[in-house]
Amino acid sequence: MTEDEPKSIDWTDSDTFARALERADTREKGNYFEAFEEGDLIEHDPGLTLTRWGNEAWMSQTLNHDPAYWRTDAARERGFDEPPIHPDYLTAATLGITVEELSEKGGYFLGRTDVRFPGAPVYAGTELHVESEVVSTATSSSRPEYGIVTWRTRGRDAETDEVVCSYERTNMIPRREPVATDGGGAAAAEEPENGPSLPDEFVTPDGGYFEDFLAALERADDRDAAVAYRHERGRTQGDLTVAGLPLSTLNTAKQHHNADVMADSPSGDIVTYGDVTRSTALGHARSDERTYREVGFDDEQFHTFVTPGDTVYAFTRVLEAENTGREEAGTVRFEHIAFNQDDEPVYSGTRIAEIQKRPS
Ligand SMILES: CC(C)(COP(=O)(O)OP(=O)(O)OC[C@H]1O[C@@H](n2cnc3c(N)ncnc32)[C@H](O)[C@@H]1OP(=O)(O)O)[C@@H](O)C(=O)NCCC(=O)NCCSC(=O)C[C@H](O)C(=O)O
């Protein structure tokens, strides 16, 4: 090189690189709140083939061990052709595909309702196609930097076009332009002087069959009692559950795998995907019952963050039991509450499931 030739740039020199980074634009991912308008229909590009491996990874790591999802003979006894895809994994995969367009910008998952599985059982090899419709958008009165968006999402079997999973979900989504507010929620935070008193007695079912739930409800009837109990198992959150499981469903929300960005967010750390928290709590609950089929989920809410090192436990309330005349199972409605090592609720929701009847 002669003196007149321009010096080549060493882009990896730390000062040079720092200056380059300062000047470079970032190619952004995800959509701000302002991108969503009521009635918009969004077809999500990514598809995902539901595999037995994906199903088993999800089920094992969330402690869902129902044999019908693991063993062919147990699956056939329950009326399936082979071990099907579990509804929790199907729900998480349906949501995962939507994240890039709906919530990757950093939207905390607040709640979900009307989770249903209208199609035939879903087996490994099914390719999912997913679409979402914007149901509503609202400003947040307490957090001006966010808006609140609700979508109706449908996951279809790409081959038959049959809807296999559908739900309505609500997230907080960052605004491009924060709005001015009056500070909103402060008044609503006031606690009543005396909270509602709990029932005198907590009844625990003797077993996990439908008859046990029915008998427990009958024992609680006409008394100041609730059928309510906690489950023994806990699951401490680590890299696989916090980052690995959502990424395996194509869920690109930075909340679960970018500790650098999340250090400067309300949670201060990466957080467990809502579907992992919820599936883990449901796994604990199912370990104390004889599940026959999952029917649906409503009123799901995420109350506070779960971060690495936190342990997810579960508490169950039995709300109703109905003998529908079906030979194999009766229908039970539960409320499940996931809580952490400090006994704080992190998730709650109601669930309708068919529970096996005791073999005669
Ligand atoms: C996120 C929070 C820290 C917010 O807490 P806070 O500021 O105390 O507010 P609120 O919880 O009262 O809620 C904020 C506003 O949102 C409305 N809201 C809340 N829930 C719902 C709901 N189910 N439906 C509709 N609207 C809802 C409230 O009314 C408030 O409105 P306003 O008063 O007008 O402001 C806190 O909520 C929190 O920590 N939540 C837990 C969040 C979480 O951990 N989620 C799971 C992990 S994130 C995830 O899974 C992302 C996922 O991958 C994805 O992409 O979706």
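Numbering of ligands and ligand atoms starts at 1, following listing order.
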Other residues, nucleotides, ligands: >12 heavy atoms within 6.0 Å of Arg116 CZ: yes

Under 3.5 Å, is there a donor-acceptor pair between the side chain of Arg23 and the main chain of Arg19? no

Cation-pi between Arg278 and Phe297: NZ/CZ under 6.0 Å from ring centre and within 45° of the ring axis? yes

For the backbone of Asp206 and the side chain of Asp212, can you confirm whether one donor and one acceptor N or O come within less than 3.5 Å of each other? no

Per-atom contacts of ligand 1 with Thr272, taking only distances under 4.0 Å to non-hydrogen atoms: 47 (C)

May I ask you to list the atoms of ligand 1 that are less than 4.0 angstrom from any heavy atom of Val99? 55 (O)

Selection from Arg278, His256, Gln255 by shortest heavy-atom distance to atom 53 (O) of ligand 1: His256

Location of contacts on Val306 toward ligand 1, heavy atoms closer than 4.0 Å: neither

Given the ring of Phe213, does Arg290 sit roughly above its face, with NZ or CZ under 6.0 Å from the centre of the six-membered ring and within 45° of the axis? no

Arg169 NZ/CZ over Phe109 ring centroid, <6.0 Å and within 45° of normal: yes

Check ion pair Asp275-Arg112 (N to O, under 4.0 angstrom): yes

Would Glu104 count as a contact residue for ligand 1, given that I'm defining contact as a non-hydrogen atom of the residue lying under 4.0 Å from a ligand atom? no

For ligand 1, is there an N or O atom under 3.5 Å from any N or O atom of Arg169? yes

Asn171 heavy atoms, cut-off 4.0 Å: which ligand 1 atoms fall inside? 54 (C), 56 (O)

Ligand-side contact atoms (ligand 1) for residue partner Asn251, heavy atom cut-off under 4.0 Å: 53 (O)

Report the member of Arg143, Glu100, Arg112 with the shortest heavy-atom distance to atom 9 (O) of ligand 1. Arg143

Report yes if Tyr273 has an N/O atom closer than 3.5 Å to an N/O atom of ligand 1; otherwise report no. no

Interfacing atoms of ligand 1 (cut-off 4.0 Å, heavy-atom, Ala253): 53 (O), 55 (O)

Between Glu328 and Arg326, is the closest basic N to carboxylate O distance under 4.0 Å? yes

Is there a polar contact between ligand 1 and Leu95, counting only N or O atoms under 3.5 Å apart? no

N or O pair under 3.5 Å between Ser140 and ligand 1: yes

Going by distance only, is there an N or O of Ser142 that falls short of 3.5 Å from an N or O of ligand 1? yes

Could you check whether any side-chain N or O of Glu43 sits under 3.5 Å from a backbone N or O of Leu41, counting only pairs where one atom can act as donor and the other as acceptor? no

Shared ILVMFWY cluster between Phe315 and Val306, side chains joined below 4.5 angstrom? no

Give yes if a backbone or side-chain nitrogen or oxygen of Phe302 is under 3.5 Å from a nitrogen or oxygen of ligand 1, and no if not. yes

Nearest to atom 17 (C) of ligand 1 by heavy atom, Thr98, Ile148, Thr307: which? Ile148

